[in-house]
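Here is the structure we will look at.
Both ligands and their constituent atoms are indexed starting at 1 by order of listing.
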Amino acid sequence: MNAQKLLFVFAIVAGTILCTISCKPKNAGTSVKGDSGVKGYVAPGQYDEYYNFVSGGFSGQMSVYGLPSGRLFRVIPVFSVDPEKGWGYSEETKPMLNTSHGFVPWDDLHHVELSQTTGEINGKWAFANANNTPRLARIDLKTFKTAEIIELPNSGGNHSSPFGTENSEYIVAGTRFSVPADYANGDVPIDTYKENFKGHISFVSVNKESGQMDIAFQLKTPGVNFDLARCGRDKSHGWFFFSCYNTEQANTLLEVNASQKDKDFIMAVNWKKAEEYLKAGKGVKQKVKYAHNVWDEHTHTATSSIKNEVTVLDVSELKDICYMIPCPKSPHGCDVDPTGEYIVGSGKLAAVIPVFSFDKLQKAIANKAFDGDFQGIPVVKYEEALYGEVKKPGLGPLHTEFDGKGFAYTSFFVSSEVVKWNIKDLAVVDRVPTFYSVGHLCIPGGNTRKPSPKYLIAYNKITKDRYLPTGPELTQSAQLFDISGEKMQMILDFPTIGEPHYAQAAPADLIRNNGQLKIYPIGENKHPRVAKGEGESKVIREGNQVHVYMTAVRSHFAPDNIEGVRMGDDVYFHVTNLEQDWDVPHGFGIKGANNAELLIMPGETTTLKWNPDRVGIFPMYCTDFCSALHQEMQGYVRVSPAGSKTALSFHTGKSAKTPEKPVQ
Ligand code: K7E
Ligand code: CUA
């Protein structure tokens with residue numbers, strides 16, 4: 001079938017499916033059968049079994065749910081500003097969103113990767129990708145805060161990311177858009193894609209103790225679109241597998257032009273070999289520019305530095321790093337089973353799911369069973385790497401997870417279903433509908449050596465008739481299935497934040513016992529503008545900057561009356577929360593601030609910058625209901641005209657006419 005015909009058939013099938021789901025299916029309301037909903041029930045006061053870390057898509061954030069309840073615990077701000085928590089608004093957090101393009105307050109977060117040791121989740125960190133302005137984030141699971149963000153040079157659309165190796169030696173990030181490298185001349189005609197557009201894959205090292213990231217090296221590849229990736233594990237540890245589409249190297253109307261070939265590729269990368277070349281000095285240092293932003297737990301402050309160099313290995317020159325495995329037809333998901341032997345490619349437009357064998361691939365490479373090359377990269381013969389094909393699995397396969405009991409579960413976007421199949425004989429053994437158009441799946445540990453095969457969650461793009469409508473946009477959703485038996489059984493359905501793509505889950509105890517931080521000890525607060533007690537609170541003027549060293553404790557601020565601020569001043573409220581009890585944040589907001597609130601954790605100092613825009617009295621108050629007298633936790637700032645003689649004064653509890661503290 002030629003490509004156009006196939007696309008046409010695809011469109012008809014997709015159309016038919018959309019028609020059928022536009023009216024409420026007869027059994028949609030009863031898809032949770034009998035008492036199966038009880039399995040998802042977590043009684044009030046009971047803890048969930050798993051933490052579920054879910055990507056927020058175009059919200060740019062990561063959300064944390066409990067499983068099996070589906071209760072939302074927290075939205076962790078990552079790549080987007082979050083006024084609720086002051087993320088990207090406070091002076092301390094602004095540097096986290098710095099890039100070589102300046103402050104970028106939004107991104108598109110698709111994938112979550114939990115750190116691993118010997119192929120098992122270790123509960124330390126969660127990594128996430130920014131698609132739009134290519135970045136990687138590391139979230140510290142002790143604090144549930146974004147601890148680090150590193151920008152990726154030479155990249156566009158950081159989609160094939162972040163995928164980790166078995167010991168989180170590297171978090172790997174492949175570019176979706178190939179583009180002229182940052183170190184090459186980018187002012188070229190767009191239709192010179194084939195010559196001038198290159199792919200770059202970043203291997204970002206992760207310090208085992210601190211988690212600190214660093215771009216160890218990049219692989220320069222021919223221009224294609226890298227879509228998704230997985231590391232090899234166990235026997236295939238040392239390898240990485242990337243799905244590629246647009247191997248046609250089209251630069252316009254990809255819908256048609258990137259669907260020409262019957263097979264695109266899965267690129268197999270021998271990263272241990274790449275490490276050898278790196279050691280042997282085969283890397284070329286290239287001039288680039290990227291931001292590296294790090295959060296300091298002692299100062300509660302981020303710093304951003306711009307780096308200028310990256311080491312690049314060219315895979316068309318260094319012959320034995322990369323191999324192309326043909327894979328039908330615009331593959332999206334690329335997943336490796338818990339044994340490391342089977343590599344599953346999910347061609348969005350393919351009628352089969354090819355399963356490749358790592359052992360066969362190694363033999364094929366040793367025997368040079370190649371079908372020529374793709375711009376210098378050997379193309380392994382399809383049959384020589386193929387273990388077998390899952391026949392007629394469904395329409396539009398996207399992503400596969402594993403249960404560690406010999407079964408794979410693949411999502412089908414077009415036919416809206418999850419299909420369970422046997423990895424050995426490739427027979428489909430079960431299928432269940434999702435409502436509707438499922439993207440990623442998650443089984444806790446489903447990408448590790450040891451999955452826990454109890455639940456599977458499907459993340460759906462379209463919910464149509466499932467929930468109360470909310471204007472032109474309807475919520476996306478997650479659906480929970482019990483997979484402990486032979487047949488999958490839906491037990492819960494809940495809406496999600498933003499658009500969920502990939503998610504991972506970890507046993508609750510693993511995260512709870514990772515040394516979770518409950519408070520920041522005030523004695524260890526190294527913030528340069530901390531006030532460690534009310535006696536240290538003060539207001540000082542440095543030229544046109546006014547620095548307020550403010551403390552917050554139930555239920556007042558010190559100081560809570562400030563006079564002598566003038567038009568044209570930059571006022572910095574450095575608020576230290578003196579509380580040392582778990583879960584007693586205070587908030588801080590002031591009228592007219594072109595900014596957000598602060599939400600200050602116990603023991604922490606956080607800064608809000610404010611430029612008063614008019615003369616008068618400005619109320620400020622605590623935004624987080626902290627005590628019975630929370631509503632009394634408030635104060636005033638008096639703003640006088642520029643050049644006013646009003647002396648700087650401040651206090652809590654005494655008359656403004658007699659400042660209790662000397663003016664500095
Ligand atoms: Cu399939 Cu961006 Cu992982 Cu979404 S991607 S579904
Ligand atoms: Cu402090 Cu409300």
query: Between OG1 of Thr475 and CZ of Phe494, what distance do you get to the nearest 0.5 Å?
result: 10.5 Å
- request: Give, for atom CG of Leu254 and atom CD of Gln249, the distance between the pair rounded to the nearest 0.5 Å.
  value: 11.0 Å
task: Kindly confirm or rule out a cation-pi arrangement of Lys329 over Tyr245, judged by NZ or CZ under 6.0 Å from the six-membered ring centre and within 45° of its axis?
output: no
Under 4.0 Å from any heavy atom of [X], which atoms of ligand 1 are there?
| X | result |
| --- | --- |
| Lys461 | 4 (Cu), 6 (S) |
| His399 | 1 (Cu), 3 (Cu), 5 (S), 6 (S) |
| Leu228 | 3 (Cu) |

message: Taking backbone and side chain together, does His111 place any N/O/S atom at a distance below 2.8 Å from atom 3 (Cu) of ligand 1?
response: yes
query: Less than 4.5 Å apart, any side-chain heavy atom of Asn447 and any of Gln116?
result: yes
query: So between His332, His501, His110, whose heavy atom ends up nearest atom 2 (Cu) of ligand 1?
result: His110
- request: Would you mind naming the N, O or S atom of His440 nearest to atom 3 (Cu) of ligand 1?
  value: NE2
message: Suppose we call two aromatic rings close when their centres sit under 6.0 Å apart. Are Phe557 and Tyr621 close by that rule?
response: no
